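If you read the sequence from its start, that first residue is 1, and numbering goes on from there. What you see is a predicted model, and the numbers here were worked out from it, not measured in a lab.
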Amino acid sequence: MSISHTNEMALFDNNVQKYCRFFELASPQQFTLEQWYQVIARTVLEMAYHKPQGKVDEQRHINYLSMEFLIGRLTGNNLMNLGYYEDIKAYLAQYQVELVDVLEQERDPALGNGGLGRLAACFLDSMATLGQAATGYGLHYQYGLFKQAFQDGKQVESGDEWGRNQYPWHRYNPSKTQQVHFGGKVVAIEGDRYEWQPKLTIEGKAFDLPIVGYQNDVIQPLRLWQADSPQSFDLNQFNEGKFVAAEKTLIKSTALTQVLYPNDNHRVGQQLRLMQQYFHCACSVADILSRHLAQGFSLEEFPKRQVIQLNDTHPTLAIPELMRILLDEHQLTWQQAWSICQQSFAYTNHTLLPEALEQWDQRLFKQLLPRHFKIVEKINHLFHQQVKAQFGDDAKVWEKLAILFDYRVRMANLCVVSCFAVNGVAQIHSDLLVSQLFPEYHQLFPTKFCNVTNGITPRRWIQQANPALSQLLDQTVKGDWKKDLELLHQVENVVDDVNFREAYWHIKQQNKAALAREIEQTLSLSVNPDAIFDVQIKRFHEYKRQHLNLLNIIATYQWLKDNPNKDYTPRLFVFSGKAAPGYYLAKNIIHAINNVAEIINNDKQMKDKLQVAFLPDYRVSLAEKIIPAADISEQISMAGKEASGTGNMKLALNGALTLGTLDGANVEIAEMVGQEHIFLFGHTVESIQTLLAEGYSPKTYYRNDPVLKNAVDFLAKGKASKGDKTTFNLMLDSLLEHDPFLVFADFESYRQAQERIGQAYLDRDAWLRSAILNTARLGKFSSDRSIRDYQSRIWLKK
Ligand code: 475
């Protein structure tokens, strides 16, 4: 489908010529690629707002609060969604410029860590596409997630000054500026009325990015707040030096939004992080309220018109903040204010890992936010009455349910008590959320809990990332699959068509060749394009078990050395991902993979048989290059630990077969594609319970399995560390002594699954059918479906 954009392209040309004069150039011919990128982005942004705006459903406005939005590059995406991609490509051709080269100029805004932040970005895309009125609220960090490089195999980090000042896609919006207060004291006025007399005020400035719906002319803001005041403040003024090291306490107010905390699936206990969280919430809540009131609605109508969706507990402070404004600024009664809050907030949980559940030191909380602390105390007190009424005065029960306990403020508990809905992100995760984390809460509020399985936007994850496959699907499928991913079911009808299969195969080979070139460029490693491309791309975390993958690679290497003439289906193992800078064990795993890769890649006997490519600095734009080229998708977390995963969906949709445990969304992917088209292995949530109850001893596995022992010893004996036997102690000690994520217990089963993969790949036709059926059957995992589920189960539930 190609719409004629003659008028718009005339406008575009006009602008290009204008910029040309502006830059003192004789012709656009002289633009650098960087200039083209800037000119296209700025011009298209204006063109987008020139169009009559598409219709949205304003029944209830969704305010999506998230500390992270991992939006990726916007130029290509926006051109496609606006329908200008082909026109601009043709326009550039007259200057012998390739649009794809221009798009490569854009730096990823890395305003998120991983899954949670990327999910938020996919959801904004889907809400705009479905015409669900929504605003995203986040922070305008100066430094995004750190850049990763390797030195002697080790991860080294550097600051990601992503250039927010030159970024062409956002606009500073001074009319939305907010004031945010901290510290000071609370004075009682009369009855239960209080006045907060804060000590410090910081200004929050709004930067708006356009979220463009897919070919429906809907544009909605992603509003990012930036701290900006000339004033400096002393971190210790809130806490008499108890929480912060003395030497660097005087900081500029702008420091508040200077850096994204680089932790994934792990809480941060630092004062500056709490200040970031409150800053984010205070700016957003004030903005939401002023929009609501400006539309002429009353406070009582707030829940009917607004939802505040909390992306994990990071924006929980929005709850006591809205309470504070309703009580102190609008003089509502407690019952009125509480009723409004209880009907407006909804909470999404993204992890069961205890180390990720946020808890704040009560004294820190109180000194920074004295008024909010009072409010939380009252919520806690009233809730205690309710608990006693239901369970009697049982200290054990209260210990689990309390919001304030042991001098801590538990954010997840505050969320469950205050929100009208709580959801997990895949069915198994939502079930475990109720049975493991919140069973008593479930008894108290049985209807609050539900599941919304995650999804991914097909616009970025096929159309943009895999243009060749996208074209093939356009030719094959009736109707626009980018709007309705379930239409891909039609592809099942052509799985027996040799021509279709060959076309599909050819695309995969082309994508593999392209990734091979990328690997050659980055790592100076020439890889076998006919090998199985087996990829594990995600944050480094013990529970994700990149070291399970590594131990198999070592064992395979040892086997190939012993059996040089036996058949083996060639493999290229691709890794990419970052470890939090303070997560030493995860960094140790990265180091081990790099060192093992070095040995294998330099062993001539392994040439074209076994290779390992670890691509540094994983980010959205790199994911877009790796995913279309993958044959195998490693989703090998310990069962019960990965809430959902979304990379698993992106890879399967692009025709990679999953090698996975029954964890997170893998369970639902297996249901959709069928057992014959996925490689499952390992312990299940249930069998883990039995294993642990019987007493798990990793040493027993080590002693009894010579293959495992040899692989472990390879590292322990210093064979990957120039003879130094201590280099990988962090990882090895953990495995041998505790193995908290059951790497050894799943090793044998994982090896067998890899063996099955090697066999299966030899039957090219059967493999191809499986890959095609993965694409055909993944429609459920569109984030459009996730958003519809949010609408029917939470936001617009009748
Ligand atoms: C889960 N991030 C995935 C994904 O639902 C899931 C960020 C800051 C501080 C602490 N943690 C984070 C996460 O917890 C996170 O990314 N969780 C992930 O959310 C989307 O698919 O299984 O691990």
Side-chain angles (χ1 to χ4, degrees), residues 63 65 67 137-140 173-189 192-206 223-240 242-244 249-258 270-293 299 308 314-332 337 341 360-379 409 411 414:
N63 301 282
L65 265 60
M67 295 276 283
Y137 285 103
L139 290 178
H140 197 227
N173 190 344
S175 56
K176 306 293 176 187
T177 301
Q178 298 292 347
Q179 310 292 320
V180 181
H181 312 291
F182 295 92
K185 58 182 186 198
V186 175
V187 289
I189 323 180
D192 59 354
R193 297 261 161 235
Y194 295 91
E195 189 188 282
W196 180 19
Q197 298 172 346
K199 199 162 172 187
L200 169 73
T201 299
I202 290 179
E203 203 156 84
K205 292 185 169 168
R223 185 155 294 158
L224 302 177
W225 301 104
Q226 177 174 322
D228 209 0
S229 303
Q231 211 183 339
S232 294
F233 62 92
D234 184 347
L235 273 174
N236 271 336
Q237 75 191 33
F238 305 111
N239 55 46
E240 300 123 34
K242 285 195 196 90
F243 303 100
V244 186
T249 52
L250 193 71
I251 60 171
K252 290 210 180 93
S253 298
T254 50
L256 212 54
T257 49
Q258 205 156 44
Q270 284 166 30
Q271 177 177 320
L272 201 66
R273 167 79 172 182
L274 185 58
M275 292 181 77
Q276 276 191 345
Q277 293 191 343
Y278 179 62
F279 175 79
H280 171 230
C281 291
C283 290
S284 307
V285 168
D287 194 62
I288 296 165
L289 256 180
S290 75
R291 172 168 27 81
H292 176 77
L293 295 174
L299 290 174
I308 303 182
H314 318 146
T316 305
L317 288 168
I319 299 167
E321 173 65 1
L322 182 58
M323 283 297 289
R324 180 190 72 79
I325 295 176
L326 296 177
L327 292 169
D328 299 0
E329 290 178 13
H330 295 274
Q331 269 79 47
L332 262 54
C341 284
W360 288 103
D361 183 290
Q362 203 166 293
R363 289 164 307 170
L364 169 62
F365 191 112
K366 194 171 170 177
Q367 278 155 359
L368 204 60
L369 302 165
R371 179 65 183 114
H372 300 79
F373 186 72
K374 260 200 177 317
I375 291 168
V376 173
E377 267 186 324
K378 184 156 175 179
I379 297 174
V409 187
M411 305 309 255
L414 180 53

Mind checking whether [X] and [Y] have side chains closer than 4.5 Å, heavy atoms only?
X    : Y    : answer
K185 : W196 : no
L139 : F279 : yes
H280 : P315 : yes
V180 : C283 : yes

Subject >> Residue pair L327, D192: steps toward the side chain to side chain contact (heavy atoms under 4.5 Å, CB included) verdict >> reply: CA-CA 10 Å; L327 292 169; D192 59 354; over 6 Å; no
**OP:** Using a strict cut-off of less than 4.0 Å between a Lys/Arg side-chain nitrogen and an Asp/Glu carboxylate oxygen, indicate whether R193 and D328 qualify as a salt bridge.
**Re:** no
Subject >> Residues R324, E329: salt bridge by 4.0 Å N-O rule >> reply: yes
Original post:
Hey, does the side chain of T257 reach the backbone of A227 with a donor-acceptor pair shorter than 3.5 angstrom?
Top reply: yes
**OP:** Check the pair H330 / I325 against side chain to side chain contact (heavy atoms under 4.5 Å, CB included), numbers first and verdict last.
**Re:** CA-CA 6 Å; H330 295 274; I325 295 176; 3.7 Å; yes
**OP:** Heavy atoms only: give me the nearest P370-G184 pair and the separation to one decimal.
**Re:** CG-O, 3.6 Å
Once rounded to the nearest 0.5 Å, what's the spacing between atom [atom1] of [X] and atom [atom2] of [Y]?
X    : Y    : atom1 : atom2 : result
K199 : F182 : NZ    : CZ    : 14.0 Å
L368 : L317 : CG    : CG    : 9.0 Å
L256 : I202 : CG    : CD1   : 5.0 Å
H314 : R273 : NE2   : CZ    : 5.5 Å
K366 : K374 : NZ    : NZ    : 7.5 Å
L65  : I308 : CG    : CD1   : 6.5 Å

**OP:** Just say parallel, tilted or perpendicular for the rings of W225 and Y137, cut-offs at 30° and 60°.
**Re:** parallel
**OP:** With side chain to side chain donor-acceptor pair (under 3.5 Å) as the test, would you mind laying out the steps for N63 and R223 before giving the verdict?
**Re:** CA-CA 10 Å; N63 301 282; R223 185 155 294 158; over 6 Å; no
Subject >> Verdict with reasoning, Q178 to E203, per side chain to side chain donor-acceptor pair (under 3.5 Å) >> reply: CA-CA 6 Å; Q178 298 292 347; E203 203 156 84; over 6 Å; no
**OP:** Could you please spell out the steps behind the side chain to side chain contact (heavy atoms under 4.5 Å, CB included) verdict for H181 and L200?
**Re:** CA-CA 6 Å; H181 312 291; L200 169 73; over 6 Å; no
**OP:** Tell me, with the steps shown, if V376 and F365 meet side chain to side chain contact (heavy atoms under 4.5 Å, CB included).
**Re:** CA-CA 10 Å; V376 173; F365 191 112; 4.2 Å; yes
**OP:** Among L274, V409, L369, find the residue that satisfies the side chain to side chain contact (heavy atoms under 4.5 Å, CB included) test when tested with L364.
**Re:** L274
